[in-house]
Amino acid sequence: MRTSYSAHQRERIADASPALKMTAGRVRFVLLMLGMLFLALIGRAIYLQVVQQDFLQGQGEARFRRAMTLEANRGVITDRNGEPLAISSPVQTIWASPADMEPIPPAKLRELGSMLDISPEELATKLSDRKKEFVYIKRQISPELADKVMALGIPGIAKQQEYRRFYPAGEIISHIIGFTGVDGKGQEGVELAREKMLAGKDGRRVVIKDRRGHIIEDVAAIEPPKDGQTLALAVDHRIQYLAYREIKAAVEENKAKAGSVVVLDAKSGELLALANYPSFNPNNRVGTTPEMLRNRAVIDLFEPGSTMKPLSISLALEHGKTTVNSVLDTHTYMIGPATIRDVSPQASLNILGIIQKSSNVGTSKLALLSSPQDFWTYYDSLGFGRAPNTGFPGEAAGRLRDWKNWRPIEQATMSFGYGVSVSLIQMARAYTIFTNDGVMLPISLYKTNNPMPGKRVLSEKTAHEMHDLLVANSEPGGGAVGGRIIGYSIGGKSGTARKLEGRTYVANKHRALFIGFAPGKNPKLIVAVMIDEPTAGKYYGGAISAPVFSQVAGGALRVLNVQPDEPSNNSLLPDSTPVPADF
């Protein structure tokens, strides 16, 4: 049925059509805009869900995903008998993620600070940067204290396990072992030298944590840590204790600046003990000074004085320039403008007499029988002027000048220990030629069943002759009497050297030395002692360093169950220590 309109109605509809057309246009526009907005939302959703999915997921996980380091247990350091010298014990570290935290209420902040001995102000400063995702609050605390901290329930505060290094022997062996820093990395000594072996390899665990620091789940396979290896030193902790005790007592008794002692196995070159005083406690280094940290036996250089004489005399014997029965004129004499004299002048002396009286005149005359090049070559073969390669960090090389620039007076003074600089461990090593048939042994810091081969420096004949002369030097009338040990024979040489400051030798500053071996007839040990700047009245090596040798070597022989090779006769020991001619 068709609708019919009157003329008037058609007129009214015609009049309304523009309005209707306008309303319809608005509707279509709104619908179009809504459609476009809907399409934009769909496009944005697709973009975020597909294109940006990895990025957004990473951003979300970054706020709660954590890569945790699983710290490897640092390897144990032991002495040659398996006695632990450095071990690691588990501790806890408290950390925070300021980016994941709300401001901590003041009461909680004070309670946390009280537990960890940190002021609330310092804590607030640590947590102030909201962009940081990791901040240490307190490192290496006891597991019990860490549990109490976590019981506070502060969101964003977490704990993780670490290890703290502990040294059972403390200051007694600190210059050998060294120490680690708070991050567990080696800083000195063996801890530094064998860092890679001891450190192992840390593991890794990736987890999702909530805002309270609780682990919700693992998001990757755990990489377990690989613990460091056990390291066995050549050191015997019993002999080390003896060495430290005696050098400390000698330094204090003689009011000296410092002192060092080195003990070597006379047949293998293994380092059985090395002690310095002053020392430091590696477990608590508060108040430790650089002087206390110095491994003086390895890094301090000095002129060795008369302890060099057996070495230089052996060259003359080796080259046939003299024999053990030769007698030399030992009157004072001149080399250019310089005068060579003895503290205890004698008209003439044989080779044993030159050693017993510590004759500068006799020693220098023997040295000048060799050419400068031969003399330099011999000292070089003993390792002087080159680092001894013991494995200690920072070991000193010493100083041995090129022979082409020598004058006769320099060769003469080097023969009795002036004009050449060495370390105590270099001197101890050089004396292995007298205990090992003329072969100088490399020093081994680590226990080994296959010692490195040595280097021949002297013939067996010369080495045996010098060995016997040094043993004779410990008999009554010799300069090594102060080093005798009840029940054991010994061989040795004392020395006293004035200290050089700038270009001047200071009259009242000395180093007192003694180097020897025991038992004398079949040496097992070499012991080298140096006391720096004694000021209590005595300063000769035979008076203050020889007794240290006696106590250390005697105690070590008993520790090692070495059978006595002489009757226990106290009459062999001096009633009062003589003043030997050590210069």
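Index from 1, following the sequence. Because the structure is predicted, anything quoted here is derived from the model rather than measured.
- Residues Met427 and Met308 are in side-chain contact: their nearest non-hydrogen atoms beyond the backbone lie under 4.5 Å apart.
- The CE atom of Met440 sits 4.0 Å away from atom CZ of Arg429, with the distance rounded to the nearest 0.5 Å.
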Salt bridge (charged side-chain N to carboxylate O under 4.0 Å, His left out) between Lys447 and Asp79, worked out | CA-CA 8 Å; Lys447 183 180 179 181; Asp79 82 336; over 6 Å; no
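- Under 3.5 Å, the side chains of Glu171 and Tyr244 contain a donor-acceptor pair of N or O atoms.
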Worked check of side chain to side chain contact (heavy atoms under 4.5 Å, CB included) between Leu231 and Tyr446 | CA-CA 8 Å; Leu231 177 63; Tyr446 308 104; 3.7 Å; yes
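- Under a 4.0 Å N-O distance rule, the pair Asp265/Lys524 does not qualify as a salt bridge.
- Each of Lys499, His510, Lys257 was evaluated against Asp532; a single residue qualifies, Lys499, per the side chain to side chain donor-acceptor pair (under 3.5 Å) test.
- Using modelled atom types, one finds a donor on one side chain and an acceptor on the other under 3.5 Å when comparing Arg165 with Ser88.
- With Phe179 as the aromatic partner, Arg285 meets the cation-pi criteria of under 6.0 angstrom to the ring centre and within 45 degrees of the ring axis.
- Ring geometry for Tyr379 against Phe384 counts as perpendicular: the plane angle is over 60°, on a 0 to 90° scale with 30° as the lower cut.
- Taking the six-membered ring wherever Trp is involved, the centroid distance between the rings of Phe280 and His175 falls below 6.0 Å.
- Evaluation of the side-chain hydrogen bond (donor to acceptor under 3.5 Å, both in side chains) rule for Ser421 yields no partner, not counting sequence neighbours.
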Kindly indicate, with the supporting measurements, whether the criterion side chain to side chain contact (heavy atoms under 4.5 Å, CB included) is fulfilled by Leu445 and Thr390.
-> CA-CA 6 Å; Leu445 180 55; Thr390 60; 5.5 Å; no
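- Annotation: Lys455, atom NZ; neighbour count of heavy atoms from other residues, nucleotides and ligands within 6.0 Å is above 12.
- Rounded to the nearest 0.5 angstrom, Asp236 CG and Leu272 CG are separated by 6.5 Å.
- The 12-atom threshold is not exceeded at CZ of Arg399, counting heavy atoms of other residues, nucleotides or ligands nearer than 6.0 Å.
- There is a side-chain donor-acceptor pair under 3.5 Å between Glu191 and Tyr167.
- Under the 4.5 Å side-chain criterion, counting only non-hydrogen atoms from C-beta, Leu513 is in contact with Phe302.
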Go through the steps to decide whether Tyr539 and Glu533 satisfy the test side chain to side chain donor-acceptor pair (under 3.5 Å), and finish with yes or no.
-> CA-CA 8 Å; Tyr539 57 86; Glu533 288 189 30; over 6 Å; no
Dump the intermediate steps for side chain to side chain contact (heavy atoms under 4.5 Å, CB included) on Lys185 and Leu192, then the final yes or no.
-> CA-CA 8 Å; Lys185 305 299 183 183; Leu192 174 60; over 6 Å; no
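- Within the structure, salt bridge (charged side-chain N to carboxylate O under 4.0 Å, His left out) pairs that include any residue of residues 114-126 do not occur (at least two apart or interchain).
- By the side-chain hydrogen bond (donor to acceptor under 3.5 Å, both in side chains) test, Glu270 pairs with Arg80, Ser268, sequence neighbours left out.
- Atom CE of Met452 has 12 or fewer heavy atoms from other residues, nucleotides or ligands within 6.0 Å.
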